[in-house]
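Heads up: the structure comes next, in structure tokens.
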Protein chains: 2
Amino acid sequence: MERNTQQRQAILKAFERAERPLGVQEVLELAQGDCPSLGVATIYRNLKALVVDKKLITVDMPGGLTFYEIPGIHHHHHFSCTNCQKVFDVEKCGINVKNLVPNGFTLQRHEVLLFGFCDSCTQTAS
Amino acid sequence: MERNTQQRQAILKAFERAERPLGVQEVLELAQGDCPSLGVATIYRNLKALVVDKKLITVDMPGGLTFYEIPGIHHHHHFSCTNCQKVFDVEKCGINVKNLVPNGFTLQRHEVLLFGFCDSCTQTAS
DNA sequence: AAGCTAATGATAATAGATTATCATTAAGTG
DNA sequence: CACTTAATGATAATCTATTATCATTAGCTT
């Protein structure tokens with residue numbers, strides 16, 4: 001992954017525009033706007049390389065789907081829309097997780113996952 | 001699922017003894033203690049039926065693995081050991097999740113996932 | 001105990017996500 | 001511009017979890 005291809009630029013641009021974590025299919029569709037011939041294999045190859053390069057980080061969601069996002073400075077969590085399946089960042093994290101850890105256990109990291117309707121799906125449903 | 005077979009009893013007994021969420025392979029191994037001929041197909045069939053009967057609930061973990069547990073009365077969360085891959089209940093939930101929900105979003109439920117070493121793996125590592 | 005048939009167990013089949021293959025394309029260098 | 005080769009794109013292959021198939025076993029009712 002050394003050459004700065006149009007495909008790779010289109011993939012990064014998709015994340016910059018979306019401003020939220022994206023799944024593989026979402027990246028494919030968005031990046032095809034700039035680069036119509038893009039195939040899934042290229043998406044997977046670039047996502048993997050971008051994660052190695054720390055240009056992206058992975059967000060594993062229940063159900064086995066992996067999302068990717070541009071690494072942010074702040075600790076944050078995720079909101080998963082149960083209607084449109086999109087994932088959004090939740091900026092605040094006012095949790096005292098240390099209290100939750102059972103005795104004798106060692107905490108490495110934590111995830112808070114919120115599920116519900118995003119703003120767009122909330123409006124549609126009402 | 002009407003007959004009270006030895007297999008089904010062995011599966012439920014595995015959950016009662018484990019006192020924590022179990023994955024399919026764990027259920028298989030534990031239940032085979034009571035019923036050695038048990039096959040995976042029977043595990044899947046019974047787990048599905050037990051969830052329909054509300055004797056078990058599912059716990060979806062990142063990575064796509066589904067765990068199952070006996071439904072408890074209290075709201076709780078889960079700790080996943082990154083060493084032995086076992087999942088444990090975390091009884092307390094002192095979180096004010098409502099503060100985290102973005103404007104316009106509708107919250108349905110939330111999950112708090114803790115990752116690290118369980119007590120047994122913490123001791124082994126030290 | 002006999003009979004009906006739900007449930008089982010071994011295994012093939014399926015499904016979805018990800019990876020490998022390989023001929024072709026195009027970045028970057030001189 | 002020409003060349004080298006990394007990267008691409010189409011698709012086959014793989015992997016893992018789960019489900020379907022079907023002959024056999026064993027609950028349960030009488």
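Side chains are part of it too, since the values below use all heavy atoms of this structure and drop only hydrogens, waters and symmetry mates. Letters A, B, ... mirror the listed sequences (proteins, then strands); counts begin at 1. On a predicted model such as this, the values are computed, not experimentally measured, just so you know.
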Under a 4.0 Å threshold between the charged nitrogen and the carboxylate oxygen, would A:R8 count as salt-bridged to A:E2?
no

Test of understanding: clusters of I, L, V, M, F, W, Y form through side-chain heavy atoms closer than 4.5 Å, transitively. Do B:M61 and A:V87 belong to the same one? yes

[X] [atom1] to [N] [atom2], straight-line distance once rounded to whole Å:
| X | N | atom1 | atom2 | answer |
| --- | --- | --- | --- | --- |
| B:Q9 | C:dA7 | CD | P | 14 Å |
| B:L50 | C:dA7 | CG | P | 12 Å |
| B:L47 | C:dT8 | CG | P | 11 Å |

Could you pull out all residues at least two apart from [X] that satisfy side-chain hydrogen bond (donor to acceptor under 3.5 Å, both in side chains)?
| X | value |
| --- | --- |
| A:D34 | A:R17 |
| A:T82 | B:Q108 |
| A:D89 | A:H76, A:H78 |
| A:Q7 | none |

With sequence neighbours left out, the residues meeting side chain to side chain contact (heavy atoms under 4.5 Å, CB included) with B:Q32 are B:L28, B:L38

Residues passing the side chain to side chain contact (heavy atoms under 4.5 Å, CB included) test with B:H75, sequence neighbours excluded, are B:H77, B:C93, B:H110

Ordered by number, residues from residues 59-71 of chain A within less than 4.0 Å of DNA chain C (heavy atoms) are A:L65, A:T66

With sequence neighbours left out, the residues meeting salt bridge (charged side-chain N to carboxylate O under 4.0 Å, His left out) with A:E69 are none

The correct set of residues in residues 26-38 of chain A placing a heavy atom under 4.0 Å from DNA chain D is A:S37, A:L38

Taking C-beta and beyond as the side chain, do A:V51 and A:Y68 meet within less than 4.5 Å on heavy atoms?
yes

**Pairwise side-chain contact, B:C118 with B:C84, heavy-atom cut-off 4.5 Å (strictly under)** = yes

By ring pair (Phe, Tyr, Trp, His ring centres under 6.0 Å), A:F105 pairs with (sequence neighbours left out) B:F79, B:F88

With five pairs defining each end axis, the helix from C:dA1-D:dT30 to C:dG30-D:dC1 comes out bent, to 10°, by 40°

Each nucleotide of nucleotides 19-30 of chain D classed B (base within 4.0 Å of a protein heavy atom), S (only sugar-phosphate) or -, in 5' to 3' order, makes BBB----BBS--

